[in-house]
Amino acid sequence: MVRQPLTPDQLEAGRRLGVLLRHARAVRELADVARAAGISPETLRKIETGRLPSPGFGTIVRLGEALAMPVQELAATWRGADLEAVS
């Protein structure tokens, strides 16, 4: 199965998600949050910088748990429904 290229809207959604996660992580070390979520620091770095704009659902759930953020908030940000919270 060939994966379709992401649309500009999907790339922008990934950027918004990355900004929210970086903001939520605040002063916590990237490696500590990645470890708590069960992902590599490089994966978290890519998500936060928008280089991995479409992470797997399980990854998002684990990041939400590690950062004490509801999945609904992460989803709203990805959809663009919560732009004020990440500004």
Side-chain angles (χ1 to χ4, degrees):
M1 183 169 146
V2 176
R3 184 175 177 168
Q4 295 294 319
L6 296 175
T7 67
D9 287 343
Q10 289 170 319
L11 294 171
E12 178 59 24
R15 188 199 64 77
R16 284 192 305 270
L17 180 63
V19 168
L20 176 67
L21 291 171
R22 209 168 35 251
H23 178 75
R25 183 169 57 82
V27 299
R28 291 178 62 187
E29 292 291 326
L30 184 137
D32 293 340
V33 173
R35 189 176 315 108
I39 63 174
S40 73
E42 184 59 24
T43 297
L44 180 53
R45 186 175 292 108
K46 286 179 180 178
I47 294 168
E48 285 188 352
T49 60
R51 291 187 347 235
L52 181 57
S54 185
F57 180 73
T59 298
I60 294 303
V61 169
R62 291 189 308 269
L63 281 168
E65 291 171 347
L67 294 167
M69 296 184 72
V71 172
Q72 296 87 342
E73 182 178 349
L74 297 168
T77 298
W78 193 89
R79 285 191 314 268
D82 198 16
L83 295 177
E84 306 83 46
V86 295
S87 300

Side chain to side chain contact (heavy atoms under 4.5 Å, CB included) between T59 and I47, worked out: CA-CA 10 Å; T59 298; I47 294 168; 3.9 Å; yes
Worked check of salt bridge (charged side-chain N to carboxylate O under 4.0 Å, His left out) between E42 and R45: CA-CA 5 Å; E42 184 59 24; R45 186 175 292 108; 2.8 Å; yes
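The minimum heavy-atom distance linking P55 with L52 is given by the pair CD-O, 3.5 Å. In plain terms, the two heavy atoms of L74 and G64 that are nearest each other are CD1-CA, 3.8 Å. A pairwise comparison of heavy atoms in R79 and R16 identifies C-NH2, 3.5 Å as the closest pair. For A36 against A66, the heavy-atom pair with the smallest separation is CB-CB, 3.9 Å. Closest non-hydrogen pair, A13 versus W78, comes out as CB-O, 3.0 Å. Residues L67 and R28 come closest through the heavy atom pair CD2-NH1, 3.9 Å.
Between the CG atom of L44 and the CG atom of L21 there is a distance of 7.0 Å, given to the nearest 0.5 Å. Between R25 atom CZ and D32 atom CG the span is 9.5 Å, to the nearest 0.5 Å.
Side chain of R51 to main chain of K46: no donor-acceptor pair is present (N/O by atom type, distance under 3.5 Å, no hydrogens or angles). Proximity of a side-chain donor or acceptor of Q10 to a complementary backbone N or O of T7 within less than 3.5 Å is detected.
Taking 4.5 Å as the limit, some side-chain heavy atom of I60 sits within range of a side-chain heavy atom of L17. The shortest side-chain heavy-atom distance between V19 and R15 falls under the 4.5 Å cut-off.
Taken together through direct or relayed side-chain contacts under 4.5 Å among Ile, Leu, Val, Met, Phe, Trp and Tyr, M69 and V61 form parts of separate hydrophobic clusters.
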